[in-house]
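The structure under discussion appears below in the form of structure tokens.
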Amino acid sequence: MIKKNFICKIIEEDIKKKNKKIKTRFPPEPNGYLHIGHAKSIYINFNIAKKYHGECNLRFDDTNPQKEKKIYIKKIIQDIKWLGYKLTNNNIKYASNYFTLYYKYAKQLIKKKLAYIDHLSLQKIKKYRGTFNLKGINSPFRNRSIKQNLFYFKQMKKGVYNEGDICLRLKINMKSNNLTLRDPIIYRIKKHQHYKTKKQWCIYPTYDFAHCIADAIEKITHSICTLEFQNNRPLYEWILKNINIDHIPQQYEFARLNITYTLTSKRKINILIKNNVVSGWDDPRLLTISGMRQRGFTPSVIYNFCKLIGVSKQESIIDINILEECLRKELNISSYRLMAVLNPLKVKIINLKKYIYKYVPNHPHDIKKGKRKIILTNEIYIDKKDFQENYKNNFHGLILNKKIKLRYLGVLKCLNIKKKYNKIIYITCKYYKFEKKYKTLNIIHWVSKKHSIKSKFIILNQLFLKKKPNETHDILTIINKKSLIIKKGYVEKFQKIRIFQFEREGYFKLNKNHQDLTFNRIISLKKNLNKTKQKHAKKKI
RNA sequence: UGGGGUAUAGCCAAGUGGUAAGGCAUCGGGUUUUGAUCCCGACAUCCCAGGUUCAAAUCCUGGUACCCCUGCCA
């Protein structure tokens with residue numbers, strides 16, 4: 001259930017007063033893929049509706065034919081469904097379905113002398129609008145007769161004018177302190193073909209005109225949007241007050257979601273795609289819904305994240321850590337454990353004539369996940385990172401002439417290093433059965449050569465080097481070149497499951513797009529360098 | 001003296017006149033054959049200055065900082 005926030009409070013008040021059924025909507029423009037920021041809005045709108053036994057529409061805000069594409073409709077629906085929200089023919093709506101109604105209301109406003117056709121050029125409109133400190137000037141076309149306005153509006157609709165020639169404006173107040181009220185444009189000519197209505201129209205309503213009317217038509221009670229629309233609210237209310245419509249929704253605004261080290265702007269993601277920094281909208285390094293799905297996020301992780309961060313009007317930037325912790329929290333519970341070596345170093349065990357095996361749990365706390373057989377043979381792989389010739393830098397792996405625990409099975413002592421051209425080819429070790437005196441030794445993971453499978457591992461890291469990539473103009477200069485690293489190693493034989501925790505490495509997901517066996521790292525394990533833990537790590541035998 | 005918003009810990013965020021929830025991060029400690037998990041503990045007088053009150057993060061006055069607004073984008 002959604003946590004109570006300031007919007008919930010408003011709704012509770014409204015329900016008390018009006019005893020009305022509430023209705024919300026999520027209104028994306030189909031001009032790109034959905035991202036984590038949309039997920040927050042979806043979470044708010046759908047869950048508020050659920051909490052107060054109301055309804056929530058998905059409405060495509062498709063009033064600008066230049067930017068919108070059919071493909072995005074499909075992707076958006078797919079993503080919302082994947083997030084776990086119900087979409088049916090009854091709650092999927094299109095602003096473009098209301099084009100005739102918008103047109104009707106526009107004519108109504110003309111007849112009320114509240115709208116006029118302006119022949120001013122774009123430049124002049126801009127100039128006449130004034131600035132924060134400079135009042136606007138009325139257009140010379142402002143006081144034309146209703147008849148003339150109606151005539152030109154019809155001509156405009158017929159297509160006798162070109163883009164930018166004329167437009168329909170509301171007659172509000174050119175001296176308003178709120179720039180959005182200085183005779184806003186509500187209809188413009190666009191000759192670009194609309195992805196849905198095709199060539200039926202060449203005039204299109206602007207966001208300000210279409211949105212409030214669509215809300216009213218759908219009988220939305222609470223129209224929830226982001227903070228930057230606060231200035232538009234008086235216009236939203238003005239339009240609904242001045243057309244003949246019986247339902248009046250209320251607009252409320254919340255702060256957009258920002259996350260450290262990430263970017264969600266569609267424009268900037270496009271730059272990344274065009275420059276081949278990422279493979280596409282669903283690249284697992286992006287926080288698009290499809291990217292996150294690829295990566296190994298689940299709908300519940302995203303839900304829990306949205307729940308955790310709350311809803312307020314305070315502009316904020318959420319630490320990426322919180323998202324990652326939500327991910328780990330769930331994966332820790334659900335993932336089967338396995339061992340995989342990403343940077344293999346061969347180890348020859350001199351005193352192991354036969355193999356040794358043991359049945360070990362697939363999950364440390366969840367017995368139901370069962371056990372698997374692991375086999376130690378005289379040739380195994382350990383990770384290069386877990387071996388050093390001499391001790392330095394708080395190292396906690398295997399060192400020449402020292403011992404280390406092998407995860408689950410016994411103890412190893414390094415006797416020799418076999419080198420060629422100063423490069424380590426393999427090391428030789430002696431095996432010891434586990435005894436209590438070895439309890440405090442550090443531990444490493446391993447796979448045996450004979451009983452493991454060759455695999456690729458794709459390590460995904462954050463895309464940007466800066467905490468607030470938004471503040472950098474040229475984002476291409478702050479790309480983390482190590483955001484995708486491919487490693488070749490070995491993994492234990494495994495059952496048909498897609499997500500695993502490779503012990504001491506992180507959570508990985510089987511990547512079905514590759515021909516060779518490939519795992520993507522969803523997220524690393526947390527690294528906690530606590531002093532208590534360091535104490536334990538000091539003893540070396 | 002343009003207008004509209006927002007200020008509570010490093011990051012989020014509850015609290016709406018009765019003595020500062022919770023999460024993440026950080027720092028201590030404990031359990032553990034994953035430096036994981038789990039468990040325990042520490043961590044703010046609420047942007048500033050005045051005022052009202054027995055009592056103020058909450059009310060009043062005056063400041064300060066940051067965000068949004070000059071698309072025929074949404």
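The model shown is predicted, which means the values in this text are computed figures rather than measured ones. Heavy-atom basis, side chains included; hydrogens, waters and symmetry copies ignored. Reminder, nothing fancy here: chain letters follow the sequence lines and each chain counts from 1.
- Rounded to whole angstrom, the span from the NZ atom of A:Lys329 across to the C1' atom of B:C24 amounts to 11 Å.
- In this structure, A:Asn321 reaches the sugar-phosphate backbone alone: every heavy-atom distance under 4.0 Å involves primed, P, OP1 or OP2 atoms, never a base.
- The existence of a salt bridge linking A:Glu503 and A:Arg407 is confirmed by a sub-4.0 Å separation between a basic side-chain nitrogen and an acidic carboxylate oxygen.
- The only member of A:Leu409, A:Val411, A:Leu406 that meets side chain to side chain contact (heavy atoms under 4.5 Å, CB included) when paired with A:Phe434 is A:Val411.
- Between the CD1 atom of A:Ile2 and the P atom of B:A14 there is a distance of 12 Å, given to the nearest Å.
- A sub-4.0 Å separation between OP1 or OP2 of B:G2 and a side-chain N or O of A:Lys135 is absent.
- Among the heavy atoms of the strands, none lies under 4.0 Å from A:Val411.
- In B:G71 the base sits syn relative to the sugar, since the glycosidic angle is no further than 90° from 0.
- Taking the charged nitrogens against the carboxylate oxygens, A:Lys313 and A:Glu253 do have a contact shorter than 4.0 Å, which makes a salt bridge.
- Distances shorter than 4.0 Å separate none of the side-chain N or O atoms of A:Lys527 from OP1 or OP2 on B:A36.
- Rounded to whole Å, the P atom of B:C69 lies 15 Å from the corresponding atom of B:A74.
- Between the C1' atom of B:G5 and the CD atom of A:Glu253 lies a distance of 9 Å, rounded to the nearest Å.
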Ring pair (Phe, Tyr, Trp, His ring centres under 6.0 Å), that's the test. Do A:Tyr261 and A:Phe464 meet it? Break it down for me. CA-CA 6 Å; A:Tyr261 296 103; A:Phe464 299 102; 9.0 Å; no
Base contacts versus sugar-phosphate-only contacts with protein, heavy atoms under 4.0 Å: please encode nucleotides 69-74 of chain B as B, S and - from 5' to 3'. BBSBBB
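- In this structure, A:Leu327 places its CG atom 15 Å from P of B:C24, rounding to the nearest Å.
- Looking at heavy-atom distances under 4.0 Å, A:Arg169 makes no contact with the nucleic acid at all.
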Polar atoms only, N or O, under 3.5 Å: list the protein pairs with nucleotides 8-12 of chain B and their distances.
from, atom 1, to, atom 2, distance (Å)
B:U8, OP2, A:Gln314, OE1, 2.3
B:C11, O3', A:Ile317, O, 3.2
B:C11, O2', A:Ile317, O, 2.8
B:C12, OP1, A:Ile317, N, 3.0
B:C12, O2', A:Ile309, O, 3.1

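- The residues A:Asp383 and A:Arg504 are annotated as not salt-bridged, no charged nitrogen and carboxylate oxygen being separated by less than 4.0 angstrom.
- Taking atom CG of A:Asn528 as the reference point, atom P of B:U37 lies 6 Å away to the nearest angstrom.
- Among the protein residues, A:Leu406 comes within range of the nucleic acid bases, having at least one heavy atom under 4.0 Å from a base atom.
- The distance between atom NZ of A:Lys4 and atom C1' of B:A13, rounded to the nearest whole Å, is 16 Å.
- The closest side-chain donor-acceptor pair between A:Asp165 and A:His119, if any, does not fall under 3.5 angstrom.
- Residue A:Lys307 contributes atom NZ, which lies 13 Å from atom C1' of B:G22 at whole-angstrom precision.
- Nucleotides B:C67 and B:C72 are separated by 27 Å at their C1' atoms, to the nearest Å.
- Salt bridge absent: A:Arg521 and A:Glu505 never bring a charged side-chain N and a carboxylate O closer than 4.0 Å.
- Ion pairing of A:Glu325 with A:Lys526 is present here, as a side-chain N (NZ or NE/NH1/NH2) and a carboxylate O approach within less than 4.0 Å.
- The NZ-P distance, from A:Lys433 to B:U33, rounds to 18 Å in whole Å.
- Salt bridge annotation for A:Glu228-A:Arg256: present, with a cationic side-chain nitrogen under 4.0 angstrom from a carboxylate oxygen.
- Here A:Gly32 lies out of heavy-atom contact (under 4.0 Å) with every strand.
- Look at A:Arg142 and A:Asp183 and you find a salt bridge, because one of the NZ, NE, NH1 or NH2 atoms lies within 4.0 Å of a carboxylate O, short of that distance.
- B:C47 and B:U58 have their C1' atoms separated by 15 Å, with the value rounded to a whole Å.
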